[in-house]
Each structure stands twice: as structure tokens, then as C-alpha cells.
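This report refers to the structure that appears directly beneath it.
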Amino acid sequence: MIKLISLFLSFSFLSLFSFGQTESSKLQITQLTKDFYIYTTWQSFNGVRFPANGMYVLTNNGVLLLDSPWDTTQFQPLLDSILIKHNKNVVMCIATHSHEDRTAGLVYYGTREIKTYTTKQTDSISQIRGEPRAQYLITSDTIFRLGQHEFEVYYAGPGHTTDNVVIWFKKEKILYGGCLIKSTEANDLGNLSDANVVAWPETIHKIQLKCGKPKYVIPGHQSWSNNQSLEHTLMLIEQYQLNEKK
Ligand SMILES: [Zn+2]
């Protein structure tokens, strides 16, 4: 009997180990706090492997997913990992702007019995560009409730794109910023192909006014290890504008 148990233990240890390995190479899941988890996938950007963050939130009414994986091979592995880890299904997915590191999985998730959402503004851009679109459209700032968690989809203005929204969990003081907010690890503003750098500072100020001092700020890319990303984004914008004037 003891032998059987040890055999079972070593087997489960091995399978955990190998599962962990495949996971860490393409999909990384990190607990932020309590019901809140950050998932990260990677894509090659300018020849360098670059990470993109999304978040998921456990509720007693299913899992809320914010944005979809950038790595398109990870749509189903993410759902599988969440089910294995928490024994819960994703029931709702909101994409925070029209770029592929946010919206790539919307159509796929729609086929997996997940209610998918973007703002109307995001949908208009995705429609023109022929990119994946959500089933449900948000027409103005909206407070949603899923299970025990409440959050607001908030549009503060243009920045990284004209349509970028943030998700604000007021009670937990968690600001999910997406690509509108740059990590303190970022050295520049990144992809500016659809950006409005002139309007961006005012947009950040409106978020600061609304959210005060968030406990956690989650940027679209790179580290979320501190809550200084709003200030850092303002600094990067200032730096960019100074360089433009030269
Ligand atoms: Zn992005």
C-alpha cells in the first residue's frame, strides 16, 4: 500500500512537472491577489519575444476573462488551465481595444459558450479592419456584476488607441489598464501606429481622478510588480514629446 502511494505520488509529481514546463514556455499564470490572476502569452515583436498580459477573475458565477491571449495557440490551453486549476469555466470575456493582443480570441471564445464583449467604438474599428468581433457591445461606461465581483468598463479618452478602455475594480482597488498603461519596465511608448499621444496625458489624468491610488495597476505588457505605471506612462509621454520637439 505504501509503495502504491509513493508510486502515485511520484507519478503525479512527474505529470505536474511536465505540465508546468509546457505551461511556462507559452502560457504563464500568476496569482495577483485572492480571485485575481494574470495570464501572460508571448509573440515575436520586432524580432524579439515580447509578453502580453491579460487577467482573469474567479467568481461564484464563473470566470471573467479580460482580453484574449496574444499567442493564438493558447486560446484553449488558457481555458483548460483555468478549469484544471480552479474547476471553473470562463463565462464572459471583455477585450479592451481593437488590437490583436486583445481581440484575437473573441470569435473562438464565442464558440465556447463564453459571452464576448467590446465597446461599440472598438467594434467599429474591428469591423473596418476585418478583425475578430465580440457578440455583445458596450455603448457607454458600464458597471457589471458577475457573482460576488463588481467592475466598471471605463473609457477615459484616446491614448494607445482611440478606443482603449480600462477595467476598474473599485472595491479591490485593482486597475486593469491594458495597453493604455505602460509598465514601469517599459522604456518607450511601444506601438504608436494608432496612438493619440497629444490626448494621452489627459486620459491618464482622468483615470487618476477616478481611481485615486490603485493598489494594483496591470499594464498590457511587461511587469505589474508595482502601482507606479500611471505616473510612468505620463513620464514616457513627456519624454516622447520632448524628443519630438528636437
Ligand atoms: Zn498591446
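We're numbering straight along the sequence, starting at 1. In listed order, ligands and their atoms are each counted from 1.
Looking only at distances, a side-chain donor or acceptor of T116 sits under 3.5 Å from a matching main-chain atom of Q135.
Among protein atoms, those of element N, O or S found less than 2.8 Å away from the Zn ion (ligand 1) are D101 OD2, C179 SG, H221 NE2.
Looking at residues two or more places apart in sequence or on another chain, you find a side chain to side chain donor-acceptor pair (under 3.5 Å) between T161 and D163.
In summary, the aromatic rings of H205 and W200 are positioned with their centroids too far apart to meet the 6.0 Å limit.
Counting only residues at least two apart or on different chains, the ring pair (Phe, Tyr, Trp, His ring centres under 6.0 Å) pairs with a member in residues 126-146 are Y117-Y136, Y117-F144, F144-F151. Sorted pairs that involve residues 38-47 and meet salt bridge (Lys or Arg N to Asp or Glu O under 4.0 Å), not counting sequence neighbours, are lacking altogether.
Counting only N and O atoms by type, the side chains of Y176 and D67 include a donor and acceptor under 3.5 Å apart.
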